[in-house]
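Beneath this line is the structure, given in structure tokens, with notes to follow.
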Amino acid sequence: MDNASGTPLHPKVTEAIIPLLKEGFGNPSNLHHFGRMTSDAIQTARGQVAGLINAKPNEIIFTSGGTEANNFALKGILPAHKKKGNHIVTSQIEHFSVLNPLKSLEKSGYEVTYLPVDKYGMINPDDVKKAIKPTTTMVSIMYANNEIGTVEPVKEIGSLTREKNIIFHTDAVAAVGNIPVDVKENNIDALSLSANQFGGPAGVGALYVREGVRIRPFMEGGVQEGGRRAGTENIMGIVGLGKASELAQSEMSQRVNKMQSLRDRLKDGILKNISHVYVNGHPTNRLPGNLSLCIEFIEGESILLFLDMQGIAISSGSACTSRSLKASHVITATGVDAALAQGTILFSLGINNSENDINYVLEKLPPIIDRLRQMSPLYSQKK
Amino acid sequence: MQYSAKVMDHFANPRNVGELPDASGVGEVGNPACGDIMKMSIKVKDNVIVDVKFKTFGCGAAIATSSISTEMLKGKTLDEALGITNKAVAEALDGLPPAKMHCSVLAEEAIEAAIDDYLKKTTGKGLEKKKQHAHDDHHEH
């Protein structure tokens with residue numbers, strides 16, 4: 001139940017990749033038939049990815065994943081528009097692959113406004129509007145948050161930025177393939193996505209850049225990807241991403257309904273059986289498989305380890321493996337108390353999860369929480 | 001980041017969990033915002049720690065270091081107990097991941113705090129000189 005960290009390969013994606021393991025060695029840049037075969041496969045995948053987000057195939061640039069797509073969007077688009085200005089509007093809850101490139105851009109003369117969020121992790125479009133200055137060239141706000149699942153008001157932000165002729169980039173890594181995403185309808189100019197969030201392989205993703213938006217190559221070398229991203233293509237990854245996109249598009253509503261109902265059963269069951277539990281993120285505007293919780297008086301990692309012993313894989317939201325031991329910047333930004341934030345756990349359901357999985361968690365989780373609370377000095381103080 | 005088998009054993013089957021109703025000294029260290037609090041209760045008889053219990057809020061390493069510390073403390077004189085270093089705690093667990101070394105420092109501090117409390121109660125005076133702890137560079141408060 002840790003699909004946010006990476007989904008298993010969809011069996012049909014595996015099937016699509018297997019023949020390439022034997023025959024997919026042709027360099028797509030070559031004119032001979034080996035090259036044509038892989039080059040055709042990449043074009044098909046480009047169409048499949050474009051179809052999933054309602055873009056044109058030539059607006060899709062394949063990358064090594066969501067992180068590269070985010071880096072590319074910021075470090076490729078901003079310098080190409082430097083004459084217009086050096087100001088970027090973003091949020092405090094972005095992924096580190098947005099926040100860290102922005103930090104280095106700040107060092108090289110860019111100015112960044114980090115917008116706060118409300119208690120649900122929601123960005124207020126009015127705040128975006130107020131933050132815009134004559135020097136603003138880009139607004140980069142995530143489509144949906146990977147930790148707490150909140151889906152941001154991208155449509156409002158998109159119409160606002162389009163009206164003001166400001167580039168709108170959205171990190172849609174957690175969203176694409178899991179909820180319907182339409183770049184035209186939402187006036188999105190650049191969008192990052194990653195295959196391993198919806199049944200595709202790890203190590204491949206894409207950046208959508210709307211036709212007409214200038215971008216400088218980030219990876220320099222040959223003329224692959226229309227001269228925008230050099231390097232021989234990750235053929236197997238790209239084909240896997242394409243297939244995963246096609247499947248996600250055709251199965252979207254079934255998947256959303258299934259994950260949502262499983263997630264709600266899990267949520268209701270936990271809230272009913274365990275006291276002092278709080279749901280993070282927006283109550284309704286959230287990713288269908290996401291259930292982020294703060295469990296009071298105990299720490300997330302110890303819950304994770306005990307669940308793992310029962311064969312249940314989840315994430316602990318607190319960044320407690322990091323050196324600083326700070327709670328997650330996302331949870332903290334929603335105003336959760338620092339101590340409570342240490343008890344964050346994240347269930348991210350996938351299409352392979354079943355009713356039985358939910359029942360199993362509901363059976364195993366309460367005694368684990370109880371055991372850890374009996375061990376916690378905070379719990380006895382509370383009593 | 002991987003924990004040793006010994007850490008996992010002490011985490012999954014922690015020894016001496018709880019509180020001593022007739023504790024001679026109790027030490028509580030840590031901060032919930034940093035993700036760990038250790039509370040160590042000791043029973044001292046003739047300058048020897050005869051019983052010890054702990055309660056901990058924290059990660060796997062915090063629970064495991066608390067657990068092994070209680071084992072290391074039992075039967076030790078106060079001086080011997082004060083000689084237990086965070087390094088010794090970590091070594092007894094077959095090592096800790098670098099990001100988790102602060103948990104062993106916390107264990108050392110908890111031992112010291114419990115003894116300090118005992119001395120204050122019995123002699124009216126706590127430990128003369130507290131040890132310098134090197135955990136601050138691991139914490140960003």
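Atom set for the values below is all heavy atoms of this structure, side chains included, hydrogens, waters and symmetry mates excluded. Letters A, B, ... are given to chains in the order of the sequence lines, protein chains preceding strands, and every chain is numbered from 1.
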Using a 4.5 angstrom heavy-atom cutoff, name the option from A/Ala339, A/Ala338, A/Pro377 with the most pairs to chain B. A/Pro377

B/Lys121 atom NZ, over 12 foreign heavy atoms within 6.0 Å: yes

Under a 4.5 Å heavy-atom cut-off, does chain B meet the side chain of A/Arg371, its backbone, both or neither? side chain

From CA spacing to verdict: side chain to side chain contact (heavy atoms under 4.5 Å, CB included), B/Lys55, A/Ser380: CA-CA 9 Å; B/Lys55 278 204 167 186; A/Ser380 40; 3.4 Å; yes

Please check: side-chain N/O of A/Ser302 versus main-chain N/O of B/Ile63, any donor-acceptor pairing under 3.5 Å? no

Closest approach of B/Ala12 to A/Met309 (non-hydrogen atoms, all atoms of both residues): CB-CE, 3.6 Å

Aromatic contact, A/Phe306 with B/Phe11 (centres under 6.0 Å): yes

Please classify the contact between B/Ala61 and chain A as side chain, backbone, both or neither, with a heavy-atom cut-off of under 4.5 Å. backbone

How many angstroms lie between atom CD of A/Glu299 and atom OG1 of B/Thr56, to the nearest 0.5 angstrom? 11.5 Å

Are there over 12 heavy-atom neighbours, none belonging to A/Tyr120, within less than 6.0 Å of that residue's OH? no

If you look only at distance, which donor and acceptor atoms sit under 3.5 Å apart when one is on a side chain in residues 74-84 of chain B and the other is two or more places apart or in another chain?
from    : atom 1 : to      : atom 2 : distance (Å)
B/Lys74 : NZ     : B/Asn16 : OD1    : 3.1
B/Lys76 : NZ     : B/Met72 : O      : 2.8
B/Thr77 : OG1    : B/Glu80 : N      : 3.1
B/Thr77 : OG1    : B/Glu80 : OE1    : 3.4
B/Glu80 : OE1    : B/Thr77 : N      : 2.9

Enclosure of A/Tyr278 OH (heavy-atom neighbours >12, cutoff 6.0 Å): yes

Would you please test B/Phe57 and A/Leu372 for side chain to side chain contact (heavy atoms under 4.5 Å, CB included) and show each step? CA-CA 8 Å; B/Phe57 159 86; A/Leu372 284 166; over 6 Å; no

State, yes or no, whether a side-chain contact exists between A/Leu305 and B/Met8 at a heavy-atom distance under 4.5 Å. yes

With the side chain counted from C-beta on, respond yes when B/Lys100 and A/Glu301 share a heavy-atom pair under 4.5 Å apart, and no when they do not. yes

